[in-house]
Student: 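Okay, handing you the structure first.
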Amino acid sequence: MEKYLSQLNEAQLEPTIQIDGPMIVIAGAGSGKTRVLTYRIAYMMSKGIDAFNILSLTFTNKAAREMKERIASIVGTSEAKNLWMGTFHSVFAKILRIEADKLGYPSNFTIYDTQDSDRLIASIIKEMNLDKDIYKYKQVRSRISSYKNSLITVRAYFQNPELKEADAMARRPRMGEIYKEYVDRCFKAGAMDFDDLLLKTNELLTRFPEVLAKYQNRFKYILVDEYQDTNHSQYLIVRALSDKFQNICVVGDDAQSIYAFRGANINNILNFQKDYDDVKVFRLEQNYRSTKNIVNAANSVIDKNQTKLDKVVWTANDEGGKIKVNRSLTDADEGRYVASTIFETKMQNQLKNGDFAILYRTNAQSRSIEDALRKRDIPYRIYGGLSFYQRKEIKDVLSYLRLIINPADEEALKRVINFPPRGIGQTTVDKLIVSANGYNRTMFEVMKNIDKTDVKINSGTKTKLQNFVTLIESYQVLNQTADVFELAEHVTRTSGLIKEFNKDGTPEGVTRMENIEELLNGMKDFVEGQKEIVDSTGSLAEFLEDVALATDLDNDKGEDMDRVSLMTIHLAKGLEFPYVYIVGLEEDLFPSAMSMNTRSELEEERRLFYVALTRAEKQAYLTYALSRYRWGKLVDSDPSRFIEEIDEQYLEVLTPPEERRFNPMLDADIFGDVPTEQKSKVSPDKLRFKPAKQVVLKKGSTKKAPEKFQVTQPKNLKPVSKTTENTNLFDSKLAVGNIVKHMRFGAGEVMKIEGTGADVKAEINFQHGGVKKLLLRFAKLEVVG
DNA sequence: TAAGTGTTCTATGGA
DNA sequence: AGAACACTTA
């Protein structure tokens, strides 16, 4: 153990060997907090504390797994095995299964994912005959989620007139009824949603003092990582469990709190010292990860936030290269810039693809980047987005499996009762739902006893329903003897799923088959893996739970392959890469248009940017495009205010050579009026940095670009390959944004260029005559700017 | 009831 | 651009 402790600096050592009592470690980005957590647990065990008494809550299962492996390498595998480690959701799902009967739930309850919740809510809204434009299911779900995270139960809701009033004010007076119906239906279906896993844990610990005592005694030592991202519900669980022994260690960084949208409350970390007596406070401020330029740049941005704890992150690392800022014309150009600089940096410095990460604000941005990487033959892996387990075909298979262990699972039932089609249509399903609600039974029970009910269904359909029930029951029998893989294999074959996806040989169907195959392979691995774990049952239930709580980060397939990583910034939290690209730095995208209404929302976006920047070890790149496709339309955008907020001394601003050549004159003022009003609050001129001599001012004078944005020609950067649609753009010497003059229509601005060869067309917005599409080989255009 | 066609809406972020 | 949903027709 001594050997490990000697690896720590003094600031890290102190919290590592502080075992008893409440404590908080405020850990700046890259300051080695994972190391502190890991060694602290190992140290505790070396001092004789039983692994069974330690509970460690992390933000992702991946983090838990990695930490456990590191601890195992210090204290030995058999001891480390007994540690309770995982996310709030996975740890308390396990406990809830053990204690489920106390809450009236079956121990094999289903975990509804967001999609299941959405479908149920949409169905309830429809059943209640409410206007789906007023009651949008996503908004309703997020409202219900925030009730649950604040521990407002249905009963509490109806006891609080203010809540009803607030919803009535928001033109949704029947919110409470929907909430009640949703909760009832989940309960009847033996299902918990993600928020329930926390809410029900709270209920369990509050209503059953003996259960609370049991877990308090069990978890004498509690550690919580990423404490800044806990919500109220999680906060209360931690408080309850740590109340007896008060051996609670929380670690976090208020500057990295980025989950307010799902209820995370930054006050949990800001107020921790008020919650417990004699809190010891530790600060980790030395960054070991990044260069001086990166650390200082990140500090200069986060400095703009008002709400924060005192902390000065610094580093003894090298100065490093300045942060490179690149502007592109379009999102496609941005992708090409990223791909080509990765390609060249890799060549010049003998790097691996895995040294690079591309981070974005929204998943939808990945496409243009992917296209560019593919063209350069750079292998990549996308994390997040539509996760594997959310694909239609996978959810279909899983729904059959869910039905096997929990036939009450309404969402699973509705999903597969007529897929593949077996002649049970919407009308029949609706009748079953109504009847089930009327008898207060599950749909499956009604189907089983269809003749004892008053459901009006013709005999042909009744037979079909009976057959379906028999099918599921036959699977249940098989589940007694077969393992998960064998069962799933049987199900996909006999349910008709495989036939259905195979039938038309479309590329889509082929992909679906491949995915199902991959799922089956995963099950095989699961079955093999579980054989080695002693207390594991290897059961279907266990598999489904793993799947329900898995994140895309968790199943790291393709570890064998060296790939560039693509992910949202949210997903990148806690990770680090030598070279990091932060793309799409544009107003309304990052910061998001939906997060600019209040200061606190904007501050969260800024923290998100801080997180992004601090992922980089050696070099960070910031890129943005002047226009990008959103909802299938090309939309103009302004550079993000966050670029402007970085202290200029840490930046190196680049402009691609082709832009200089074509002199697009985007701000040219030939209509006597700037055509597009700048929405950005930062002065747009500063960021629309063109070479000084090209800036034409109204008065005809020229102005030098501000010092900060002097254009630097990138070294060794050849023009990006022109094999794509841009070819024409350059050959025709006409670019989007150019101002042209036409004999008949007068002056106009080029909006879009499309087509190839002789077929090149330009969409031009003429001052008189509006938007026209012209074939360039005929149109007599004079480029005036 | 199923399949085909038209229409609308959407895409912050994620356990 | 693409999915989800509504509507129409066989």
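Each chain gets a letter, A, B and so on, in the order its sequence line appears, and its residues count up from 1.
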Student: Answer yes or no on whether A:Arg391 is positioned over the face of A:Phe388, meaning its NZ or CZ is under 6.0 Å from the six-membered ring centre and within 45° of the axis.
Tutor: no
Student: Which nucleotide in the set B:dA2, B:dG13, B:dA11 lies at the smallest distance from any side-chain heavy atom of A:His570?
Tutor: B:dG13
Student: Please compare A:Thr461 and A:Ser595 by the position of their nearest nucleotide in DNA chain B and report the one closer to 5'.
Tutor: A:Thr461
Student: Base, sugar-phosphate, or nothing: which does A:Asn61 touch, judged by heavy atoms less than 4.0 Å apart?
Tutor: nothing
Student: Checking A:Arg172 side chain against A:Tyr135 main chain: does a donor-acceptor pair fall under 3.5 Å?
Tutor: no
Student: Should A:Tyr259 be counted as stacked on B:dG13, where stacking needs a ring-centre gap under 5.5 Å and an angle between planes under 30 degrees?
Tutor: no
Student: Tell me what A:Asn363 touches on the nucleic acid: a base, only sugar-phosphate, or nothing, going by heavy atoms under 4.0 Å.
Tutor: sugar-phosphate
Student: Would you say a side-chain N or O of A:Ser592 is under 4.0 Å from OP1 or OP2 of B:dG13?
Tutor: no
Student: For a quick test of reading the model: is some side-chain N or O of A:Lys136 closer than 4.0 Å to OP1 or OP2 of B:dT10?
Tutor: yes
Student: Is there a donor-acceptor pair under 3.5 Å between the side chain of A:His232 and the backbone N or O of A:Leu151?
Tutor: no
Student: Taking the six-membered ring of A:Phe59 (Phe, Tyr or Trp), confirm whether the NZ or CZ of A:Lys573 is under 6.0 Å from its centre and within 45° of its axis.
Tutor: yes
Student: Looking at every strand, decide which applies to A:Lys392 at a 4.0 Å heavy-atom threshold: base, sugar-phosphate, or nothing.
Tutor: nothing
Student: Over all strands shown, is A:Arg630 touching base, sugar-phosphate only, or nothing at heavy-atom distances under 4.0 angstrom?
Tutor: nothing
Student: Main chain of A:Asp331, side chain of A:Arg628: is a donor-acceptor contact present, judged purely on distance under 3.5 Å?
Tutor: no
Student: Please confirm whether the backbone N or O of A:Tyr624 pairs with a side-chain atom of A:Glu586, one donor and one acceptor, at under 3.5 Å?
Tutor: no
Student: Mind checking if A:Thr428 touches a base, just sugar-phosphate, or nothing, with heavy atoms under 4.0 Å?
Tutor: sugar-phosphate
Student: Can you pull the contact range of chain A along DNA chain C, 5' to 3', using atoms under 4.0 angstrom from its heavy atoms?
Tutor: C:dA1 to C:dA6
Student: Is a side-chain donor-acceptor pair under 3.5 Å present for A:Tyr380 with A:Arg374?
Tutor: yes
Student: Does B:dA11 have OP1 or OP2 sitting under 4.0 Å from an N or O in the side chain of A:Lys138?
Tutor: yes
